Amino acid sequence: VLSFGPRFASADQMKALVPVPQAETWWTERHERAVARIQQGHADLLFIGDSITQGREEDGRRVWDNYYGRRRAVQLGSNSDRTATVLWRLQHGELDGITPKLAVVMIGTNNTSMREDPPENTAAGIQAILTTLRTRLPQTKILLLAVFPRGASADDPLRHVNQAVNDRLRAYADQRQVFFLDLGPRFLDAAG
């Protein structure tokens with residue numbers, strides 16, 4: 001069973017756990033469009049994340065249209081999002097009134113790179129997102145994707161941080177409602 005996070009979270013860890021919106025106007029407008037789309041209903045598949053997820057609207061549009069458009073899929077990715085901003089979005093309309101079959105979640109790279117959160121803080125924020133989804137959408141299966149590798153080499157410090165996050169995420173998969181998949185190795189060559 002997932003909990004909302006550690007019982008006694010530190011002030012630094014709270015940054016990953018406490019829902020907060022981004023301050024930029026474009027972000028608020030994007031959130032409002034997402035809520036309007038959710039209010040239309042008919043959402044069987046959710047993609048939740050940051051700019052990697054949002055990229056399916058632009059560079060990935062052909063793939064999105066070809067594979068997901070007919071699946072009543074909704075793209076809930078937003079540039080620069082971290083765990084706390086995803087939590088805020090999920091608690092402010094992006095899950096209301098829907099019962100999707102699957103939610104695909106990939107978040108955390110902006111926690112580790114932009115704010116330099118330690119792995120345990122990023123993982124706690126992701127755990128809070130999973131708890132929110134399991135609570136608000138109890139019939140929805142969740143595919144938790146690993147945080148992608150960072151840096152050009154296997155010894156890059158951010159690569160190690162993201163791997164440490166992923167090591168924690170594996171434990172969140174119960175193989176009934178939450179499943180974990182690490183696509184990172186597919187993006188690396190033989191030298192890493």
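Note that the structure is a prediction, hence the values are computed from the model and not measured. These values consider heavy atoms only, across backbone and side chains, with no hydrogens, waters or symmetry-generated copies.
Note that CG of Asn121 is 11.0 Å distant from CD1 of Ile126, once rounded to the nearest 0.5 Å. In this structure, Tyr68 OH and Leu45 CG are separated by 7.5 Å, a value rounded to the nearest 0.5 Å. In this structure, CG on Leu46 lies 7.0 Å from CG on Leu137, to the nearest 0.5 angstrom. Distance check: Leu90 CG to Thr131 OG1 gives 11.5 Å after rounding to the nearest 0.5 Å. Atom CG of Asp81 is separated from atom CG of Leu87 by 10.0 Å, given to the nearest 0.5 angstrom.
For Gln139, the side-chain contact (heavy atoms from CB on, under 4.5 Å) criterion is met by no residue, not counting sequence neighbours. With sequence neighbours left out, Thr25 forms a side chain to side chain donor-acceptor pair (under 3.5 Å) with no residue at all. Residues passing the side chain to side chain donor-acceptor pair (under 3.5 Å) test with Thr53: none are found, sequence neighbours excluded. Listed by chain and number, the residues in a salt bridge (charged side-chain N to carboxylate O under 4.0 Å, His left out) with Asp50 amount to none (sequence neighbours excluded). Taking the side chain to side chain donor-acceptor pair (under 3.5 Å) definition, one finds that Arg61 meets it with Asp65, sequence neighbours left out. Partners of Arg33 by side-chain contact (heavy atoms from CB on, under 4.5 Å), not counting sequence neighbours, listed by chain and number: Glu29, Arg30. For Arg150, there are no salt bridge (charged side-chain N to carboxylate O under 4.0 Å, His left out) partners two or more places apart in sequence or in a different chain. Judged as a salt bridge (charged side-chain N to carboxylate O under 4.0 Å, His left out), and not counting sequence neighbours, Arg82 has no contacts. With sequence neighbours excluded, no residue forms a side chain to side chain donor-acceptor pair (under 3.5 Å) with Asn66.
Side chain of Thr112 to backbone of Thr109: a donor-acceptor contact under 3.5 angstrom is found. The backbone N or O of Thr132 lies less than 3.5 Å from no partner atom in the side chain of Gln91, so there is not a single donor-acceptor pair. Here the side chain of Arg72 pairs no donor or acceptor atom with the backbone of Asp44 at under 3.5 angstrom. No donor-acceptor pair under 3.5 Å is formed between the side chain of Asn162 and the backbone N or O of Pro149.
Through side-chain heavy atoms spaced under 4.5 Å, either directly or across other Ile, Leu, Val, Met, Phe, Trp or Tyr residues, Trp27 is tied to Trp26, Trp88.
Shortest non-hydrogen contact noted between Ala128 and Leu17 is CB-CD2, 3.9 Å. The two atoms that bring Ala34 and Leu76 nearest to each other are CB-CD2, 3.7 Å, heavy atoms only. A pairwise comparison of heavy atoms in Asn111 and Arg115 identifies ND2-NH2, 3.3 Å as the closest pair. Here the shortest heavy-atom pairing between Ala16 and Asp117 reads CB-OD2, 4.1 Å. Across all non-hydrogen atoms, the minimal contact from Pro119 to Arg168 is CB-NH1, 3.6 Å. Between Arg159 and Ala152, the shortest heavy-atom contact is NH2-C, 3.9 Å.
Under a hydrophobic-cluster definition in which Ile, Leu, Val, Met, Phe, Trp and Tyr are linked whenever side-chain heavy atoms come within less than 4.5 Å, directly or via other members, Phe47 and Leu169 are assigned to different clusters. Hydrophobic clustering (ILVMFWY, side-chain heavy atoms < 4.5 Å, transitive): Val147 and Val161 are in distinct clusters. Hydrophobic clustering, with ILVMFWY side chains joined whenever heavy atoms are under 4.5 angstrom apart, groups Val63 together with Ile52.
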If you look only at distance, which donor and acceptor atoms sit under 3.5 Å apart when one is on a side chain in residues 177-192 and the other is two or more places apart or in another chain?
{"from": "Gln177", "atom 1": "OE1", "to": "Arg134", "atom 2": "NE", "distance (Å)": "3.0"}
{"from": "Gln177", "atom 1": "NE2", "to": "Pro138", "atom 2": "O", "distance (Å)": "3.3"}
{"from": "Gln177", "atom 1": "NE2", "to": "Thr140", "atom 2": "O", "distance (Å)": "2.9"}
{"from": "Asp182", "atom 1": "OD1", "to": "Gly184", "atom 2": "N", "distance (Å)": "2.9"}
{"from": "Asp182", "atom 1": "OD2", "to": "Arg170", "atom 2": "NH2", "distance (Å)": "3.4"}
{"from": "Asp189", "atom 1": "OD1", "to": "Ala191", "atom 2": "N", "distance (Å)": "3.0"}
{"from": "Asp189", "atom 1": "OD1", "to": "Gly192", "atom 2": "N", "distance (Å)": "3.0"}

Side-chain donor-acceptor distances from residues 93-106 under 3.5 Å, at least two apart:
{"from": "Glu94", "atom 1": "OE1", "to": "Arg89", "atom 2": "NH1", "distance (Å)": "2.6"}
{"from": "Glu94", "atom 1": "OE2", "to": "His31", "atom 2": "ND1", "distance (Å)": "2.7"}
{"from": "Asp96", "atom 1": "OD1", "to": "Arg136", "atom 2": "NH2", "distance (Å)": "2.4"}

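Tested against Ile48, the residues Ile107, Ile142, Leu145, Val86 include a single side-chain contact (heavy atoms from CB on, under 4.5 Å) partner, Val86.
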